[in-house]
Enquirer: 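The structure's right below; bear with me while I get my questions together.
Atoms within each ligand, like the ligands themselves, are counted from 1 in listed order. Note that the structure is predicted; figures quoted are calculated from it, not measured.
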Amino acid sequence: MHKPELLIPAGNLEKLRTALLYGADAVYIGAAGLSLRGASAEMTIDDIADGVAEAHRRSVRVYAALNTFARDADLQYAAAIVPDLAAAGIDAAIVSDPGMLRLIRGLAPNLELHLSTQANTMNVEAVRFWREQGVQRIILARELSLREVRQLAAAVPEVELEMFVHGAMCVSYSGRCYLSASLNRRSANQGDCSQPCRWEYRLYEKTRPADPLILEEDEKFSYLLSSKDLCLMEHLPEIVATGVAALKIEGRMKSSYYVAVVTRAYRQALDALAQNPENYYCATGWLKELQSVSHRGYTTGFAFCEEKINETSPAVKYIQSHEPAGIVLEYDARQKQVLIEARNHLQADEEVELLLPGEDIVMDTAILSARSGEHIKEVHSGNLFYLPLDKDVPPGALLRKKGIPPL
Ligand code: SF4
């Protein structure tokens, strides 16, 4: 059975390692200054080289996003770093701007090119056009339905197609939006969106400036422009049947915990589908896992409906059943304990789970130990501490605790 690549966001080296641990087939990273995400989700050339080496040891591919809408100054900067990226061993560059594409073809002719979803590819002729420009893979526009994706894949089997299956969505057309640029001079099209579509808005009638129309639904407020997040977990058989080469998860700005949970859930689902397609069903456990990470409610987006806009709702707010608690630094087999870096405030006796690629372990938190061996009652984010554990676990494994109630 055709098994598409599971492509995971890696905003930094830690998240890249998380993606490798929990089952990514490929990861995508941001090249500093050129990737449509802020600096917090971009990597230096040294980190990229380290990440590529680690990924390739596990036969995982690495794609670097250079998909900003480039001005000439951006191209000059790109010209300086593209040879370094190619030398670091990346497997492909993701581009949206024809100038960037042409530049990379000249500087690194052997580097595979993927066309970003920002290029809004929605029809067969566009796919053929980009193929003629040397593009090996096209990340389809998010506005396509599954029926349209299936038709495209059948019409141009010589081109790899990639589609988003999970993650946050913009209400703007394929993310082309000036809301952030116009409200606070942070351009989404240059990788610096401040997400003002998620802010609180009120409507004023011109002659009644002191009398806003109250749009709130409850004691909090409505996010009028904010889309629900995409989740196609329940439709993997139909998606795989389209013939797309890769399934992409959104979220280079999200936490390592998000990367761990979402990668593991989709990895398990895709493996189960490939192993036994006739008896496959979407396990409730996978859906429950996806509820455990921060999201704004889930929607199937445009997958089954060609004419609608992204689904929004006054009730759309960030929700999550769990929060990150820590990350494993090393296992001490002699003392049967695990060294953890806290990623949250934790108290003794709090319920904490350790996420491994194939199982969850409920941790004994009766005694938290500082590195000195002293017993402590609580730790704060960034503190290092030990918990007892009678099992060797890999560095980079994530811990979580029960989350905050919905806003
Ligand atoms: S402001 Fe909202 S809709 Fe516009 S690009 Fe940013 S996230 Fe997307």
Side-chain angles (χ1 to χ4, degrees), residues 9-11 15 28 30-31 33-42 65-71 74 94-97 100 115-122 139-144 162-203 215-217 220-232 248-255 258-259 262 293-303 305 307-320 407:
K15 293 173 197 175
Y28 62 102
L34 295 168
S35 81
L36 282 187
R37 288 293 177 273
S40 64
E42 294 182 329
L66 293 92
N67 58 343
T68 189
F69 289 100
R71 291 185 160 83
D74 298 319
I94 305 169
V95 299
S96 52
D97 180 81
M100 184 73 79
L115 188 72
S116 168
T117 192
Q118 301 291 126
N120 312 127
T121 310
M122 299 185 76
I139 304 154
L140 294 171
R142 290 163 175 264
E143 290 80 10
L144 291 173
E162 178 179 308
M163 68 176 281
F164 280 92
V165 293
H166 194 93
M169 290 197 295
C170 285
V171 287
S172 59
Y173 180 64
S174 273
R176 291 177 178 234
C177 171
Y178 269 93
L179 195 57
S180 177
S182 61
L183 283 179
N184 60 11
R185 296 174 184 267
R186 286 180 52 185
S187 171
N189 303 310
Q190 299 295 327
D192 200 21
C193 179
S194 55
Q195 301 196 322
C197 59
R198 275 76 149 156
W199 299 351
E200 175 182 0
Y201 293 94
R202 296 178 183 210
L203 189 60
L215 303 169
E216 294 149 315
E217 291 293 316
K220 293 291 178 180
F221 43 80
S222 303
Y223 300 83
L224 294 180
L225 300 170
S226 182
S227 168
K228 289 183 177 180
D229 290 0
L230 181 67
C231 176
L232 293 176
K248 187 171 208 161
I249 307 292
E250 180 279 341
R252 269 191 291 133
M253 309 280 277
K254 301 270 178 69
S255 67
Y258 168 91
V259 173
V262 178
V293 294
S294 177
H295 64 290
R296 295 191 304 275
Y298 286 128
T299 171
T300 55
F302 298 87
C305 184
E307 297 302 329
K308 78 174 181 181
I309 57 168
N310 283 355
E311 192 175 354
T312 61
S313 155
V316 167
K317 300 174 175 71
Y318 285 101
I319 47 176
Q320 63 189 109
L407 291 172

Enquirer: Does Cys193 bring an N, O or S atom to under 2.8 Å of atom 8 (Fe) of ligand 1?
Expert: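 Checking atom 8 (Fe) of ligand 1 against Cys193, no N, O or S atom falls under 2.8 Å.
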Enquirer: Could you list which atoms of ligand 1 come closer than 4.0 Å to a heavy atom of Cys177?
Expert: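 Those qualifying, in numeric order: 1 (S), 3 (S), 4 (Fe), 5 (S).
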Enquirer: Tell me every residue that passes side-chain hydrogen bond (donor to acceptor under 3.5 Å, both in side chains) with Ser194, counting only those two or more places apart in sequence or in another chain.
Expert: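 Testing Ser194 for side-chain hydrogen bond (donor to acceptor under 3.5 Å, both in side chains), a comparison that skips the adjacent residues, returns Ser180, Asn184.
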Enquirer: Please list, chain by chain and in numerical order, all residues satisfying side-chain hydrogen bond (donor to acceptor under 3.5 Å, both in side chains) with Asn120, sequence neighbours excluded.
Expert: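 Only Ser174, Arg176 meet the side-chain hydrogen bond (donor to acceptor under 3.5 Å, both in side chains) criterion with Asn120.
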Enquirer: At less than 4.0 angstrom from any non-hydrogen atom of Pro196, what atoms of ligand 1 do you find?
Expert: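 Listed by number with element, the hits are 1 (S).
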Enquirer: Please identify which atoms of ligand 1 are closer than 4.0 Å to at least one heavy atom of Cys170.
Expert: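 What qualifies from ligand 1 is 3 (S), 5 (S), 7 (S), 8 (Fe).
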Enquirer: Does Ser255 reach the main-chain N or O of Tyr258 with its side chain, forming a donor-acceptor pair under 3.5 Å?
Expert: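 Looks like yes, one N/O pair under 3.5 Å.
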Enquirer: Short list, please: which atoms of ligand 1 are under 4.0 Å from a heavy atom of Ala188?
Expert: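 Contacts of ligand 1 toward Ala188, numbered from 1: 5 (S).
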Enquirer: When rounded to the nearest 0.5 angstrom, what is the spacing between OG in Ser116 and CG in Asp97?
Expert: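 Result: 10.5 Å between the selected atoms.
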Enquirer: Would you say Tyr298's side chain and His166's backbone share a donor-acceptor pair under 3.5 angstrom?
Expert: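 No.
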